Amino acid sequence: MRIDVVSIFPEYLSALDLSLIGKAREQGLLQLTVTDLREFTADRHRTVDDTPYGGGAGMVMKPEPWALALDAARTRGPAGAGAPEQRPVLVVPSPAGEVFTQATARELALREHLVFACGRYEGIDERVVEWSREHFEVRPMSLGDYVLNGGEVAVLAMVEAIGRLVPGVIGNPESLVEESHSDGLLEYPVYTKPALWRDRPVPEVLLSGHHGRIARWRRDRQLQRTAARRPDLVAALDPAGLDRADRDV
Ligand SMILES: Nc1cc(-c2ccc3ccn(Cc4ccc(CN5CCCC5)cc4)c3c2)n[nH]1
């Protein structure tokens, strides 16, 4: 998978050089580039913003540098010789986007080429989104219902959530199976040594070695946690995915 990120703060994305994503890049599982939008300006001051038409506070990002930067990212794409060129996905972080979920991460982890446009100021001139539809599948994307100062933090989160689903990136794919949201529920609590810590024991069942009971206990904890913290997820559950014992929790 190829990932291209465009930002006026490329150093913000240096966290992607570290840990699992960094190793995946070294192993060639992910080709990730970060480009400074200012490389695509033509004036002496490398101007990327201007005042908003219609008035209002703040500044808006000019369209031309973005069009040049996105075209460069697109044509840098993974089109190998004769490879069927899927249209790249252009993810545009925005408070007004669809909400990014684990399902979105799973969907985007299957794509060949992702381009992320990190806006700043009050956002990017809307005509860039419209212009981009000719060559990209454009996806305005929100991390959640709160306002950040720009797209970089959202891109760090999305690249991590997507990257870890790319085969080979996570050493043990087993750990992807039972994690939160993989089955529509929150995850169960985890424990490790010591068995007694500051007068607090580990739940007895986890020391029993009885795998059936342990699985049941974990599933019960998932259902209780989800009901307590995320009633919205319970409402969205597919009843067919619940067994009789689930209904007794
Ligand atoms: N999930 C999530 C994503 C973001 C996010 C993503 C990209 C950018 C680029 C700039 N900003 C700051 C920012 C500040 C104020 C407004 C609201 N203004 C009101 C009138 C016009 C706009 C919008 C945008 C971002 C924020 N925030 N939260």
Side-chain angles (χ1 to χ4, degrees), residues 3-16 21 32-41 43 45-74 88-109 111 113-133 135-165 179-181 186 229-230 232-233 236:
I3 297 176
D4 292 289
V5 184
V6 182
S7 165
I8 58 170
F9 295 127
E11 62 278 15
Y12 225 110
L13 285 302
S14 54
L16 297 175
I21 300 299
L32 188 140
T33 66
V34 180
T35 306
D36 185 340
L37 178 69
R38 293 190 195 276
E39 288 175 22
F40 297 91
T41 57
D43 65 305
H45 299 291
R46 298 163 60 99
T47 310
V48 294
D49 64 312
D50 204 334
T51 52
Y53 279 119
M59 302 290 272
V60 171
M61 300 191 94
K62 295 168 65 66
E64 186 59 15
W66 276 109
L68 297 173
L70 294 178
D71 249 356
R74 177 172 61 83
V89 182
L90 174 62
V91 178
V92 185
S94 161
E98 67 178 276
V99 177
F100 182 83
T101 65
Q102 190 64 16
T104 322
R106 281 196 291 267
E107 176 207 345
L108 295 182
R111 302 300 291 260
H113 189 190
L114 305 178
V115 179
F116 290 87
C118 297
R120 277 275 158 173
Y121 305 99
E122 298 295 311
I124 302 171
D125 185 304
E126 188 63 15
R127 291 169 292 180
V128 174
V129 169
E130 292 151 21
W131 169 85
S132 299
R133 292 197 199 285
H135 295 295
F136 293 90
E137 177 188 326
V138 183
R139 302 281 286 274
M141 200 68 72
S142 164
L143 217 48
D145 294 336
Y146 41 85
V147 182
L148 300 166
N149 287 330
E152 286 79 5
V153 164
V155 169
L156 283 172
M158 290 190 275
V159 168
E160 182 158 312
I162 295 163
R164 65 196 296 279
L165 298 179
E179 62 186 9
S180 255
H181 305 293
L186 299 185
R229 299 179 187 174
R230 292 292 303 276
D232 59 301
L233 291 181

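As a basis for the values below, the full set of heavy atoms in this structure was taken, side chains included, without hydrogen atoms, waters or symmetry mates. Each ligand, and each atom within it, is numbered from 1 in the order the structure gives. Nothing here was measured: the structure is a model prediction, and the numbers come from that model.
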Quick one: table the atom pairs, ligand 1 N or O against protein N or O, below 3.5 Å, distance rounded to 0.1 Å.
from     : atom 1 : to   : atom 2 : distance (Å)
ligand 1 : 1 (N)  : S142 : OG     : 3.3
ligand 1 : 1 (N)  : L143 : N      : 2.9
ligand 1 : 1 (N)  : G144 : N      : 3.4
ligand 1 : 1 (N)  : G144 : O      : 3.2
ligand 1 : 18 (N) : E122 : OE1    : 3.0
ligand 1 : 27 (N) : L148 : N      : 2.8
ligand 1 : 28 (N) : Y146 : O      : 2.6
ligand 1 : 28 (N) : L148 : N      : 3.4

All side chain to side chain contact (heavy atoms under 4.5 Å, CB included) counterparts of D50, not counting sequence neighbours: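 For D50 the side chain to side chain contact (heavy atoms under 4.5 Å, CB included) partners, ignoring immediate neighbours, are K62.
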Side chain to side chain contact (heavy atoms under 4.5 Å, CB included) involving A236 - partner list, sequence neighbours excluded: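 With sequence neighbours excluded, A236 shows a side chain to side chain contact (heavy atoms under 4.5 Å, CB included) to no residue whatsoever.
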Single hit among V138, L70, V92 for side-chain contact (heavy atoms from CB on, under 4.5 Å) with V128: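 Single pass found, and it is L70.
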Between H135 and D71: side-chain donor-acceptor atoms closer than 3.5 Å: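 There is no such pair between these side chains.
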Residue pairs involving residues 144-162 (criterion side chain to side chain donor-acceptor pair (under 3.5 Å); sequence neighbours excluded):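 As it turns out, the side chain to side chain donor-acceptor pair (under 3.5 Å) pairs with a partner in residues 144-162, which skip direct neighbours, are S7-E152, R120-E152.
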Parallel, tilted or perpendicular: rings of F9 and Y12 (30°, 60°):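 Y12 and F9: tilted rings.
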